[in-house]
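These notes are about the structure you will find just below.
As the structure is a prediction and not an experimental result, all values here were calculated from the model.
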Amino acid sequence: MEQGAGVTDVLPGAEPADPVLVGRQSERELVASVTDDDDALLPDALGAPTLEAACEAVLLLADQPLDLVSLAAVVRRPVEQVEAVVRGLSAQYTEDGRGFDLREVAGGWRFYTRADCAQVVSRYVVDGQQARLTQAALETLAIIAYRQPISRGRISAVRGVNVDGVVRTLLTRGLIEEAGVEPGSQATLLRTSAYFLERLGISDLAQLPPLAEHVPNYDELGDLVDRA
Amino acid sequence: MEQGAGVTDVLPGAEPADPVLVGRQSERELVASVTDDDDALLPDALGAPTLEAACEAVLLLADQPLDLVSLAAVVRRPVEQVEAVVRGLSAQYTEDGRGFDLREVAGGWRFYTRADCAQVVSRYVVDGQQARLTQAALETLAIIAYRQPISRGRISAVRGVNVDGVVRTLLTRGLIEEAGVEPGSQATLLRTSAYFLERLGISDLAQLPPLAEHVPNYDELGDLVDRA
Amino acid sequence: MITAEAAEAVPRRLEQARGAEGSELVPPTAFAVRVGGFEGPFDLLLSLIAKHRIEVTELALHTVTDDFIAHVRAQGPGWDLDEATSFLVIAATLLDLKAARLLPDGSVEDEEDLALLEARDVLFARLLQYRAFKEVSALLDGMLADAARRRARDVGLEPWLAELLPEVLLGLGPQEFAAIAESALAPRPPEPGVSVAHVHAPAVSVREQAAILVERLRRRGTLTFRALTEDAGSTLVVVGRFLALLELYRDGVVSFEQAAALGDLTVRWSPPDDAGAGAADARAIAARAVTDEFAGVPAPPEEA
């Protein structure tokens with residue numbers, strides 16, 4: 001290299017990379033080339049191999065019964081067509097004796113366990129759950145109790161670990177509940193439930209013992225999180 | 001039951017299952033009856049019409065990968081038999097082009113949406129799109145994955161930069177976790193989490209791409225680096 | 001078929017994902033401080049090697065040394081000290097290697113040559129190691145993107161099943177619960193790394209020491225080194241004063257006398273007429289005498 005080369009001259013990346021060093025790139029390029037695929041933007045793109053598969057995939061994730069109008073909007077097909085497919089799938093699962101069942105409840109469709117598998121699933125639920133909370137769950141519950149309403153993100157920031165699983169457990173056990181969304185971030189806020197008070201043996205949050213002075217309060221916490 | 005009856009006499013399961021109980025009862029009644037139903041305690045009571053259906057029903061409820069040993073315990077069948085059934089179901093769903101997929105991830109099985117339905121699913125699920133990892137995070141994660149347990153200092157040595165901030169973020173996202181301290185230095189050791197395997201879609205660390213392929217004369221290299 | 005999300009998540013290339021297009025590749029959620037688009041010295045070095053189309057194992061690294069040095073220089077101020085150090089260590093190693101190449105075909109009998117060879121091997125080893133992790137990290141990125149195309153079913157229990165759950169047993173009262181909250185909310189102690197506080201003694205400014213010496217020598221004319229350093233609190237201060245004396249000697253404002261080897265060193269204030277006669281303030285003389293070579297010593301974070 002010549003002496004006195006300008007800084008811009010030595011900036012890398014202007015030339016194509018040495019193939020020796022890049023290596024193992026075929027799949028990378030393959031994926032990159034699909035990025036521009038216009039198909040996803042077509043108004044009638046299904047986004048799945050078949051309408052049946054599309055409905056199955058979406059319904060698998062549905063926590064609440066999903067009404068056909070919403071489902072039709074997601075799969076971008078007429079409601080009648082979607083309804084026929086969903087009813088067909090449901091009948092097929094029943095005929096095949098599947099352990100799951102696609103049922104219409106409260107105006108929407110959702111996957112449920114089949115009724116004649118009730119014994120095995122109740123055994124799973126009862127055996128698998130500990131009556132006692134883990135230390136991680138207790139700590140998360142304590143943070144929510146003293147800093148409510150609070151988002152998952154802020155709890156994570158305090159605990160230094162991901163808390164999604166623990167929060168879901170606390171929700172399932174009825175110890176906490178959702179309390180709207182944070183105005184700015186749109187993050188779901190969490191608070192303790194009446195059941196929590198009952199289990200702790202107090203009648204009101206005001207009866208929670210005060211914390212020592214040194215514990216950072218919510219606002220400082222927010223600053224810390226924001227700066228992080 | 002008479003007072004003083006021997007322990008063996010009060011053990012349940014002596015009578016055959018009541019056929020009424022497994023019929024088309026409402027869920028409520030069924031559950032109420034199974035909770036103290038002797039049949040549920042029969043050592044080999046499946047609690048479902050077929051082993052296939054039992055596995056499907058239980059796996060539908062799994063909110064994290066369910067290992068075969070636990071599943072076998074719930075359905076009360078040998079692990080080998082359960083494994084064959086689960087693998088068979090998974091293959092069948094794929095063959096039938098279902099929108100759902102039964103996958104072995106992070107040491108267990110769980111229902112997922114099928115990859116080729118990703119577009120329609122992403123239209124339905126607006127939240128929770130996984131944030132991409134930066135180059136720094138990926139490199140740090142790779143070093144932890146292949147060298148675990150490892151301290152921050154050693155990661156820094158490999159990358160040539162301070163990794164404290166990156167490690168904190170990986171911890172918060174649940175991709176890594178602390179694994180005790182190094183005996184001599186008292187430095188905290190880090191390892192990847194089960195969630196990391198899940199995010200990567202693999203069942204255990206052995207499924208990581210082999211590192212040795214990327215390092216010429218791997219053994220000699222280790223010696224040199226250790227001397228550094 | 002590939003979702004926009006997944007496809008966007010994948011194309012992270014290795015070396016060419018740099019330079020002109022580099023900024024686009026920094027994801028919006030970037031949380032790492034990047035130095036001029038590089039994740040540390042190895043990253044930069046690899047890019048430069050790629051640019052010059054050199055195989056890492058060809059040991060022809062000296063051709064990228066200038067680039068590397070230029071890049072380090074171009075960064076200017078504003079670097080994190082840790083980061084700058086790691087870059088400088090590698091720049092220094094590269095310079096050594098380049099210097100070795102410029103010498104006429106050297107034998108490796110010299111101890112220094114051996115050390116140099118070892119430094120080279122270690123640098124290459126570390127570079128290869130880093131490259132390996134960089135390559136697999138790209139594979140992991142692809143796996144993550146691929147796995148992100150599937151979503152796990154993650155729904156709440158059906159209500160009738162949720163009711164089967166046993167009552168939660170908190171197993172503690174309000175006071176114990178408050179104690180858990182306190183420990184969970186307490187700031188976490190910093191990582192108990194190896195303390196290096198004892199290594200970094202408070203920095204001693206040679207310029208300040210020179211000012212002290214000039215002040216004393218102007219007043220007393222002649223003093224022994226022992227006398228000049230008897231109030232020095234630490235070895236570092238003694239060293240600082242010695243360096244200051246050398247600077248002052250070079251500037252011709254002091255002279256030395258030593259009667260016998262290892263005997264007392266006598267320092268005499270002997271400035272040229274214009275420097276000593278006037279009312280020049282000690283600090284000014286010291287400042288003039290002590291060049292930038294020592295002036296750049298960073299201030300200690302806090303005086304011990």
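The aromatic rings of A:Phe100 and B:Phe100 sit perpendicular to each other, their planes meeting at more than 60°, with 30° as the lower class boundary.
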- Message: Could you go through B:Val74 and A:Asp127, starting from their C-alpha distance and side-chain angles, then the distance that decides it, and tell me whether this counts as side-chain contact (heavy atoms from CB on, under 4.5 Å)?
- Response: CA-CA 8 Å; B:Val74 172; A:Asp127 290 356; 5.6 Å; no
- Message: Let's go through B:Asp63 and A:Arg168 carefully: what are the C-alpha distance in whole Å and the side-chain angles of both, what is the deciding distance for side-chain contact (heavy atoms from CB on, under 4.5 Å) to 0.1 Å, and is it a yes or a no?
- Response: CA-CA 9 Å; B:Asp63 60 3; A:Arg168 194 170 45 234; 3.8 Å; yes
- Query: Would A:Tyr124 and B:Leu66 count as a side-chain contact (heavy atoms from CB on, under 4.5 Å) if you check the C-alpha gap in whole Å, the side-chain angles of each, and the deciding distance to 0.1 Å?
  - Reply: CA-CA 11 Å; A:Tyr124 167 70; B:Leu66 184 62; 4.0 Å; yes
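With a 4.5 angstrom heavy-atom cutoff, A:Leu59 does not touch chain B via any of its atoms. Of the atoms belonging to A:Leu89, it is side-chain heavy atoms, and not backbone ones, that fall under 4.5 Å from chain B. Using a 4.5 Å cut-off between heavy atoms, B:Leu171 contacts chain A through both its backbone and its side chain. Heavy atoms of B:Leu175 lying under 4.5 Å from chain A are absent altogether. If you measure heavy-atom distances from B:Asp101 to chain A, you find no contacts under 4.5 Å at all. For chain A, the nearby parts of B:Ala62 are the backbone and the side chain; heavy atoms of each come within less than 4.5 Å.
Contact detail for A:Ala54 and B:Cys117: the closest heavy-atom pair is N-SG, 4.5 Å. The minimum heavy-atom distance between B:Ala57 and A:Thr113, with the atom names listed, is O-CG2, 3.4 Å. Closest non-hydrogen pair, B:Val58 versus A:Val121, comes out as N-CG1, 4.1 Å.
Note that the CZ atom of A:Arg159 and the OG1 atom of B:Thr172 stand 11.0 Å from one another [nearest 0.5 Å]. Going from atom CD1 of B:Ile176 over to atom CG of A:Asn162 covers 12.0 Å, rounded to the nearest 0.5 Å. Between B:Leu60 atom CG and A:Arg98 atom CZ the span is 12.5 Å, to the nearest 0.5 Å.
Residue with the most contacts toward chain B among A:Glu52, A:Gln186, A:Glu56, A:Arg114: A:Glu56 (heavy-atom pairs, distance under 4.5 Å). Chosen from B:Gly97, B:Ala73, B:Pro49, B:Gly174, the residue pairing most often with chain A at heavy-atom distances under 4.5 Å is B:Pro49.
Between the side chain of A:Arg123 and the main chain of B:Leu46, a donor-acceptor pair closer than 3.5 Å is present.
In B:Glu95, the CD atom is not crowded: 12 or fewer heavy atoms of neighbouring residues, nucleotides or ligands sit closer than 6.0 Å.
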